[in-house]
Protein chains: 2
Amino acid sequence: MSVNYNSMKKNKIINPFKPAKHKHQDCLQAAIKAAKQHCDVLGLRLTPLRQRVLELVWQSHEPVKAYGILDELKQGHSSSAPPTVYRALDFLQEQGLVHKIESLNAYVGCGDPKEHHSSQFFICHDCGSVAELDDADISGLIQKKASHFGFKIDNEMVEIKGHCQECRDSRK
Amino acid sequence: MSVNYNSMKKNKIINPFKPAKHKHQDCLQAAIKAAKQHCDVLGLRLTPLRQRVLELVWQSHEPVKAYGILDELKQGHSSSAPPTVYRALDFLQEQGLVHKIESLNAYVGCGDPKEHHSSQFFICHDCGSVAELDDADISGLIQKKASHFGFKIDNEMVEIKGHCQECRDSRK
DNA sequence: AACAATAATGTTACATTATAACATTACATA
DNA sequence: TATGTAATGTTATAATGTAACATTATTGTT
């Protein structure tokens, strides 16, 4: 019996649900640090503007709207306009530092920019928080199913809505 | 060894990729017929406006934009405005006759309104066509993974972009 | 240091997608 | 036929996103 080594990919928890009370300052700092390092290594410029937008995206684990970012950005940077935000978000998305949640038209930070990975998002209807997986089983199964009808995948979007453990517990 | 009968759900192809040349009139007619029957059974009103919007969504297997529908609707129904279209789409979506592709802000017809089902959409970047599965394996795996961290799913959005068999063949 | 080329940001305008709110008309049924 | 409800009409505006061109900052080269 053979083992398919190609399929021996890891299932990762990119970003788990965090307790309502956690030291979020640490999440933010870790994200900025990772972003700086990522850009450093690749010779990319995490300009003050881009960093500020990234910080605003990371103000919580809830997806943030572009125009929400714009409102906050304006407070310290009066020349901001929609393109200011969308360009920064484009850059951050290209670098895997931010993902767009298509079903919400909103953006979340990603703590693992180093490598391209699959993403599965779980969005809690109660607290609004998002968890992100890079689950090779899910991604692999979808690819397998696609291959059955000759479909070659470029990009997978998986956005799951429901209720996280903590919110379910607190409703009892 | 036990068998989990709960998981014995069927994997369905709700809407496969169709050959570029197929008798699309048949798809359209079947969809309208199914919609009429669906509404009949439930005592819902598939008004001329709603039926017309459904027909416009079914003009092809490519997702259609709301304002595209509006433009076409106006040609035979000059009083149409955005709410005209969005209301009809809301009704059709509630009945499972139409799905929204979130990543495209566009709408596709569904040939299987009878029961609520999971949906996995496969969108070809070349021809623009969409295929829809109701795959219990994918849906089940996602639910299983979610249960590992206590997440209770309300709704799954799976939208896969890539290249369909026919388009891949014709590019060789 | 001066220059040119490129990247990033500023600025204005507008395109696209969607909804709120209230008026009117059509339909179901008592 | 009256009456309540559902559907549609109508106007206005909110929310999301992009095009196009000007200006400024940065990088790499003489």
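Residue numbering restarts at 1 for every chain, and letters A, B, ... go by the order of the sequence lines.
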Closer than 4.0 Å, any side-chain N/O of B:Ser79 to the OP1 or OP2 of D:dG9?
yes
Could you tell me how far apart B:Gln95 (CD) and D:dA7 (C1') are, to the nearest whole angstrom?
15 Å
Measure from CG on A:Leu49 to P on C:dA7 and round the result to the nearest Å.
18 Å
Output yes when at least one side-chain N/O atom of A:Tyr86 is less than 4.0 Å from OP1 or OP2 of D:dG17, else no.
yes
Side chains of B:Asp112 and B:His117: is there a donor and an acceptor less than 3.5 Å apart?
no
Please state how far atom CD1 in B:Ile101 lies from atom P in C:dA18, giving the value in whole angstrom units.
13 Å
Taking CG from B:Leu89 and C1' from C:dT19, how many angstroms apart are they, rounded to a whole number?
14 Å
Rounded to whole Å, how long is the line connecting atom CD of A:Glu102 with atom C1' of D:dT16?
12 Å
Per nearest nucleotide of DNA chain C, the residue lying toward the 5' end, B:Leu104 or B:Pro83, is B:Leu104
Between D:dA7 and B:Thr47, is there an OP1 or OP2 to side-chain N/O distance shorter than 4.0 Å?
no
When rounded to whole Å, the CG to C1' distance for the pair B:Leu70 and C:dA15 reads 15 Å
Is it the case that atom NZ in A:Lys152 sees more than 12 heavy atoms from other parts of the structure closer than 6.0 Å?
no
Rounding to an integer number of Å, can you tell me how far A:Lys74 NZ sits from C:dT9 C1'?
16 Å
Answer yes or no: does a side-chain N or O of A:Lys100 lie under 4.0 Å from OP1 or OP2 of D:dT16?
no
Would you say the base of C:dT16 stacks on B:Tyr67 (centre-to-centre below 5.5 Å, plane angle below 30°)?
no
Between C:dT17, D:dG9, D:dT18, which nucleotide gets closest to the side-chain atoms of B:His77?
D:dG9
Among the nucleotides C:dA20, D:dG17, C:dA8, whichever has the atom closest to the side chain of A:Asn105 is D:dG17
Is there a side-chain contact between A:Lys65 and the phosphate of D:dA15, meaning an N or O under 4.0 Å from OP1 or OP2?
no
Separation of A:Leu44 atom CG from C:dA8 atom P, in whole Å?
8 Å
In Å, rounded to the nearest 0.5 Å, how long is the span from SG of A:Cys39 to CG of A:Leu92?
8.0 Å
Judged by atom type as modelled, is there a donor-acceptor pair below 3.5 Å linking the side chain of A:His24 to the main-chain atoms of A:Trp58?
yes
First of B:Ala88 and A:Arg45 reached from the 5' end of DNA chain D, by closest nucleotide
B:Ala88
Could you check whether the side chain of B:Arg87 and the base of D:dG9 have a donor-acceptor pair of N or O atoms closer than 3.5 Å, going by distance alone?
yes
Starting at CG of A:Leu104, measure out to NZ of A:Lys161 and round the result to the nearest 0.5 Å.
4.5 Å
